[in-house]
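We number each residue from 1, following the sequence as shown.
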Amino acid sequence: MTESRPEFERELEGIEAKDAKGVVVGQNTSERQFTISGALAAPLADGEYVEVRDGAQLLGRASVQEQQWHFDIEVPLGNGQHDFKISIGG
């Protein structure tokens with residue numbers, strides 16, 4: 001019997017994006033740098049990490065402290081539509 005991983009929605013909670021002033025950024029924004037953050041439903045196992053992508057492009061790994069995580073988009077994003085995906089890897 002193989003063990004399956006829990007569904008994405010059960011692992012990450014309360015995902016939001018905020019600008020440098022701490023204001024929540026909506027889906028349609030002109031902000032090009034912001035922080036994406038959220039909470040983990042359970043602590044990460046050894047070797048696991050929170051990964052942030054824009055479409056297929058890996059932006060990096062989030063900082064995790066206990067069950068809270070955040071990722072600062074430091075390089076300004078280009079204009080246009082972005083498709084962020086946050087997942088647990090490892």
Distance-only criterion, 3.5 Å: show the donor-acceptor pairs between side-chain atoms of residues 66-76 and protein atoms not counting sequence neighbours.
| from | atom 1 | to | atom 2 | distance (Å) |
| --- | --- | --- | --- | --- |
| Gln67 | NE2 | Leu40 | O | 2.8 |
| Gln67 | NE2 | Ala41 | O | 3.4 |
| Asp72 | OD1 | Thr35 | OG1 | 2.5 |

Candidate pair Val64 and Tyr49, rule side chain to side chain contact (heavy atoms under 4.5 Å, CB included), full reasoning: CA-CA 8 Å; Val64 179; Tyr49 49 86; over 6 Å; no
Phe84 and Leu77, any side-chain heavy atoms less than 4.5 Å apart: yes
Distance, nearest 0.5 Å, that separates OG of Ser37 from NZ of Lys18: 6.0 Å
Ile86 CD1 to Ile15 CD1 distance, which is reported to the nearest 0.5 Å: 4.5 Å
List, one per line, each side-chain donor-acceptor pair under 3.5 Å for residues 50-60, sequence neighbours excluded.
| from | atom 1 | to | atom 2 | distance (Å) |
| --- | --- | --- | --- | --- |
| Glu51 | OE2 | Arg53 | NE | 3.2 |
| Arg53 | NH1 | Ala56 | O | 2.8 |
| Asp54 | OD1 | Asp83 | N | 3.0 |
| Asp54 | OD2 | His82 | ND1 | 2.5 |

Trace of the side chain to side chain contact (heavy atoms under 4.5 Å, CB included) decision for Val23 with Glu31: CA-CA 11 Å; Val23 177; Glu31 292 291 330; over 6 Å; no
